[in-house]
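What follows is a single structure, written as C-alpha cells, with notes after it.
All residue numbers in this chain count up from 1 along the given sequence.
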Amino acid sequence: MISSQSWSDARLLWEHHLMHHDPRPCSVAIGLGSHDLKVADATARLYQRGMAPLILFTGATSPTTRVRMPRGEAVHYRERALELGVPDRAVLIEPRARNTGENIRFSRAVLAEAGVPVSSVLLVSKPYEERRAHATARRLWPDVTFVSASEPVTFEQYVAALQDDRMVIDMLVGTLQRLLVYPARGFMAADPVPVEVATAYERLCRAGFTSRLVVDGAGGRRQINKR
C-alpha cells in the first residue's frame with residue numbers, strides 16, 4: 001500500500017517537474033525518445049498547431065524500449081507521427097542518442113548538418129521529464145531558447161495509464177535526484193529545488209521509492225540546493 005503522505009509527496013514532485021510553459025512557435029520541435037509513444041503524439045499535435053515547421057525525433061533503444069521499439073525510439077516516433085498525418089518531409093530523426101545529454105548534442109549536430117537555422121526549440125518530453133530536459137538543454141545549447149512541452153495529462157491520469165503506481169513514483173524520485181546531482185557533474189544547468197519539494201523527495205526516499213536513483217559517491221540523494 002502507498003500511503004496518503006507518499007501520494008501527496010509524489011503529486012508535489014510531479015508539479016515541480018512540469019515547467020508550465022505556454023507552447024509558442026519555435027524553429028523546430030525536438031521529441032525526446034523514451035518508452036512513451038505519447039511523446040510522439042504530443043509532438044505531432046504541436047506541429048499540426050503550427051508551433052514548429054519541422055520535427056526531429058531523437059533516441060536509440062534502451063532496456064525499457066528494446067522490445068517495444070526494436071527499430072529505435074526515433075524511428076518508431078517518426079512512424080507514429082506519419083500515422084497521425086505529419087508529412088514525411090517535416091520529420092528528421094537522430095537514431096543514436098541513449099541519454100538526455102546525447103539527445104540534445106546529437107540533435108544539434110543533425111540540425112546543423114541539415115542546414116536548419118535554430119534560434120528556439122520546442123522541447124517535447126514525458127511530463128515528469130520537462131524540467132530535467134530543459135536544464136540539460138540550457139547547459140548544452142546555451143544560445144538557443146527552449147520551450148518545454150509534453151502530453152497534457154494530470155498526475156492521476158498518468159498513473160492510471162501506466163498501471164504501475166510504484167514505478168511512476170520511483171521515476172518521479174529518480175528524476176528529482178538528477179536535478180540535484182547532475183549540475184555538479186556538468187550534465188545540466190543548476191535548477192535549485194524548493195524546500196517543500198526537497199522535503200517531499202526525502203520522505204519518498206525513506207519510504208523506499210528508490211529503484212530509479214543513480215549511485216553517487218558523495219551521497220547523491222542528500223545533496224540538495226534549496227530555494
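- The minimum heavy-atom distance between P127 and V153, with the atom names listed, is CG-CG1, 3.8 Å.
- T145 is linked by a side-chain hydrogen bond (donor to acceptor under 3.5 Å, both in side chains) to nothing, counting only residues two or more places apart in sequence or in another chain.
- In the hydrophobic clustering, L54 connects to V28, I30, L32, L56, L92, I104, V110, L111, V116, V118, V121, L123, L140, W141, V144, F146, either directly or through intervening members, whenever side-chain heavy atoms lie under 4.5 Å apart.
- Between the side chains of E73 and T65, at least one donor N or O lies within less than 3.5 Å of an accepting N or O.
- Note that the CZ atom of R96 and the OG atom of S107 stand 10.0 Å from one another [nearest 0.5 Å].
- Using a 4.0 Å cut-off between charged side-chain N and carboxylate O, K126 and D36 make no salt bridge.
- Atom CD1 of residue I55 and atom OH of residue Y77 lie 12.5 Å apart, to the nearest 0.5 angstrom.
- Using the six-membered ring where Trp is involved, W14 and Y158 have ring planes that are tilted, between 30° and 60° apart.
- For the pair R71 and E79, the salt-bridge criterion is met [side-chain N within less than 4.0 Å of a carboxylate O].
- At least one donor-acceptor pair under 3.5 Å links the side chain of H17 to the backbone N or O of L172.
- Side chain of S27 to main chain of S120: a donor-acceptor pair is present (N/O by atom type, distance under 3.5 Å, no hydrogens or angles).
- Donor-acceptor pairing under 3.5 Å is recorded for the side chains of S150 and E130.
- Here L84 sits alone; no ILVMFWY side chain lies under 4.5 Å from its own, so it joins no hydrophobic cluster.
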